[in-house]
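Worksheet: one structure, shown below.
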Protein chains: 4
Amino acid sequence: MAPRTSKQFEEMRESKRKLIMESALKLFAKHGFFDTSINMISVEAGISKGLMYNYFKSKEDLLRSVVFQGINKFLVLFDPDHDGVLTKTELKFFIEETFCIIETDISFWKIYFSVLSQPQVLKIVGEKFWEIVNPVFKILENYFERNNFKNPKIETRLFGALLDGICINYILDPENFPLEEIKQKVIELYT
Amino acid sequence: MAPRTSKQFEEMRESKRKLIMESALKLFAKHGFFDTSINMISVEAGISKGLMYNYFKSKEDLLRSVVFQGINKFLVLFDPDHDGVLTKTELKFFIEETFCIIETDISFWKIYFSVLSQPQVLKIVGEKFWEIVNPVFKILENYFERNNFKNPKIETRLFGALLDGICINYILDPENFPLEEIKQKVIELYT
Amino acid sequence: MAPRTSKQFEEMRESKRKLIMESALKLFAKHGFFDTSINMISVEAGISKGLMYNYFKSKEDLLRSVVFQGINKFLVLFDPDHDGVLTKTELKFFIEETFCIIETDISFWKIYFSVLSQPQVLKIVGEKFWEIVNPVFKILENYFERNNFKNPKIETRLFGALLDGICINYILDPENFPLEEIKQKVIELYT
Amino acid sequence: MAPRTSKQFEEMRESKRKLIMESALKLFAKHGFFDTSINMISVEAGISKGLMYNYFKSKEDLLRSVVFQGINKFLVLFDPDHDGVLTKTELKFFIEETFCIIETDISFWKIYFSVLSQPQVLKIVGEKFWEIVNPVFKILENYFERNNFKNPKIETRLFGALLDGICINYILDPENFPLEEIKQKVIELYT
DNA sequence: AATGAATGAGAATTCATTCAT
DNA sequence: CATGAATGAATTCTCATTCAT
């Protein structure tokens, strides 16, 4: 029998890591970080409690991993050219994709806002959060400047706040929130 | 010694209740609900752990009380005539007061969003939350209708989302968030 | 009924503290620090696990307390005048009392040597240990100097080593170790 | 390829066993038995955790092996003629070698005293310990008898205690302990 | 009313050991 | 022979809540 290659092992590890993260994502979203125990996660993932610690060094580490994975998934939408310059089309695409992701990744966004509003949890995610978010703000500011918005800095902040607010309102009551119409309205406002 | 009247007792009780709630508000905002222990609260309030349970049924009950007190404080701003009809001046006043309260009651808002984004905490606050928020939405919708906004329902939702988003962004980074300029922009947009 | 005074409360606390320390001493000596769980101690003391942490902030803290209590009990034997000068009679008394304490406090000495020889445990007891032991060495050195021993420093070290060695040998096999005769021999050698 | 002979296999096994034991010795001495995990040992030895169990039945078995190897290394110094009779020269040689070994094998002695003073660890090493130590005592007793010491039994115990005490004191503070001068003093006392 | 000692369920984490590959 | 993923029992510690005083 051919011995398993190192690569195959790596793939197995990676897929189990993903499995654990998905279980955690689901439960964190459903019950919140503090009310989700390692035990619950391991049951959900169908593994033993101990094994968790083979893949993540603590519950906090697991949260961090889940949060950053979600943020990164979101950020790739942004400025697809990676040229630091946002065209009107790109912004429209970004907004559309954002709304799409709000809908599909609702679990992630629940965790995301939980992280933002819980001091102890925010502490865990820490500085790295700002490292990621700040460049995005820069690019938006640049966009508003080029498009002759009166006060680009303010506009950027307002835009960010609006998306956050929409997201948090959608999360609160997904059934009744008119996501599609809100999306059209936002696109209309900004492009 | 003159026996204390029942009224004096009530006043003492009420003021101690307030003391506990203020201590809790401060600590929940600083450390989060889960990382604030009953012990910490009682130390902050200068009373014993046991006495807490004389005023609040449980830690959850205390949270609920703190949250609803804050919401009520906020709601009295709204529609001062209680006539269910919002004038342009009243809306402007409402926005201004909202921004004022965002700044002065930052501790409350931290808890508020923590409540919104933590499923278990939201569960505690429960239905009563919607009972309070829904009428406000109705009044706003009515305002947008009377002022010929194209889609009052959407506009209401967008307005709510925007305020929520502004608040959450301010909370995250109060030092750098341009609250005053954002306020002007919002007033300009809606009145 | 007369209300309990604060002093009575303090006494109750103190006696419970002692109870826990005695239980811990017994079990640490019997099973060693690592093989004695907080659970075992609380059962032995007839209290709940949680209550332990009302009196000691951790298992390590409990160990520290037990060890220092034992060391202090031992040190009061030394130089009863507190004049820093040891007479021949005082040394004889010290040796006699030491042997007495070796016999009666065997549990403590087991822990003591466990602490000395387990790096992680020694770390817990830490610097405070040397703060206590060093002055004793000084006084002994002074004694040997005044009594014209050839090399007081060496003699001090040898004396300390001998007592440690006797103690550890007694602990290992109390039934068969001729403690009384060894004591006479030591007195004869040093006074 | 030439098949490996059984003898070669044995040699490889033996050398790997030694490697593991050396790693364990080093880590047990540094961190103590309980704070050294199988994982740490296997990393130190550059092998897998699983392989450890191919060479040693358990962690306890590994400790036992390490301790007995050290004791045996020490015992061969003793009575080189194996005639059960110790000459004055042999005793001097024995003392000198003992002090030499105290210095070079400090890691072992740390473990040794840890074993002596930790009940659970002593239990592991068990009876075999006494089987080894008792004959040595016999030979020393015989020596003191032949050399007209007043009470050979007591003298033997005292001698053993002194060496143990010296060793434990050296271990505690190798930098400052005057090992060489103590050695001269001991030789002077006993030969 | 007021206290804080006491409880005990439950949390995160560790680690010796096993076993499929 | 060699690996390291997987297990699960055991451990320390926390904390909301109760209750005798």
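In what follows, every chain begins at residue 1, and chains take the letters A, B, ... in the order their sequences are listed.
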In sequence, state the C-alpha distance, the side-chain angles, and the governing distance for C:Ser65 and C:Met21, and then conclude on side chain to side chain contact (heavy atoms under 4.5 Å, CB included). CA-CA 8 Å; C:Ser65 303; C:Met21 282 171 71; 4.0 Å; yes

Run C:Lys16 and C:Leu51 through side chain to side chain contact (heavy atoms under 4.5 Å, CB included) and show every step you take. CA-CA 10 Å; C:Lys16 187 139 290 186; C:Leu51 191 54; 4.0 Å; yes

For the pair made of CZ in B:Arg17 and P in E:dA1, what is the distance, rounded to whole Å? 13 Å

Round to a whole Å and report the spacing from CD of C:Glu11 to C1' of E:dA5. 17 Å

Interatomic distance where CG belongs to C:Leu62 and P belongs to F:dT11 [whole Å]: 16 Å

List the steps and the verdict of side chain to side chain contact (heavy atoms under 4.5 Å, CB included) for A:Tyr112 and A:Asp105. CA-CA 11 Å; A:Tyr112 173 81; A:Asp105 290 3; over 6 Å; no

Between F:dG4 (P) and A:Arg13 (CZ): distance, integer Å: 10 Å

Assign A:Phe56 to base, sugar-phosphate, or nothing according to its heavy-atom contacts below 4.0 angstrom with the strands shown. nothing

Could you check whether the rings of A:Trp109 and A:Phe113 sit parallel, tilted or perpendicular, using 30° and 60° as the cut-offs? tilted

For C:Ser23, what residues pass the side-chain contact (heavy atoms from CB on, under 4.5 Å) criterion, not counting sequence neighbours? C:Leu19, C:Ile41, C:Glu44, C:Ala45

Reference residue C:Met52; test side chain to side chain contact (heavy atoms under 4.5 Å, CB included); the match among C:Asp61, C:Asn39, C:Ile20: C:Ile20

Quick check for you: among E:dA2, F:dA6, F:dT3, whose closest atom lies nearest to any side-chain atom of D:Ile47? F:dT3

Could you check how far CD of B:Glu10 sits from C1' of E:dA1, rounded to whole Å? 13 Å

Go along nucleotides 12-18 of chain E 5' to 3' and tag each nucleotide: B for a protein heavy atom under 4.0 Å from its base, S when only backbone or sugar atoms are that close, - otherwise. SBB-SBB

Just the rounded figure in Å: distance from C1' of F:dA9 to CE of C:Met40. 16 Å

Does the side chain of C:Asn54 get closer than 4.0 angstrom to OP1 or OP2 of E:dA6 through an N or O atom? no

Stacked cation flag D:Lys59 on D:Phe33, 6.0 angstrom / 45 deg: yes

What integer distance in Å separates A:Lys16:NZ from F:dG4:P? 16 Å

Which residue lies more 5' along DNA chain F, comparing D:Met52 with A:Tyr55 via nearest heavy atoms: D:Met52

A side-chain contact here means heavy atoms from C-beta on lying under 4.5 Å apart; do C:Arg17 and C:Phe56 qualify? yes

What stems, by residue range, does DNA chain F take part in, given at least 3 consecutive Watson-Crick or G-U pairs under 3.5 Å? E:2-21 with F:2-21

Round to a whole Å and report the spacing from CD of D:Glu14 to P of F:dC1. 13 Å

Do D:Arg64 and D:Phe68 make a side-chain contact, defined as non-hydrogen atoms from C-beta onward lying under 4.5 Å apart? yes

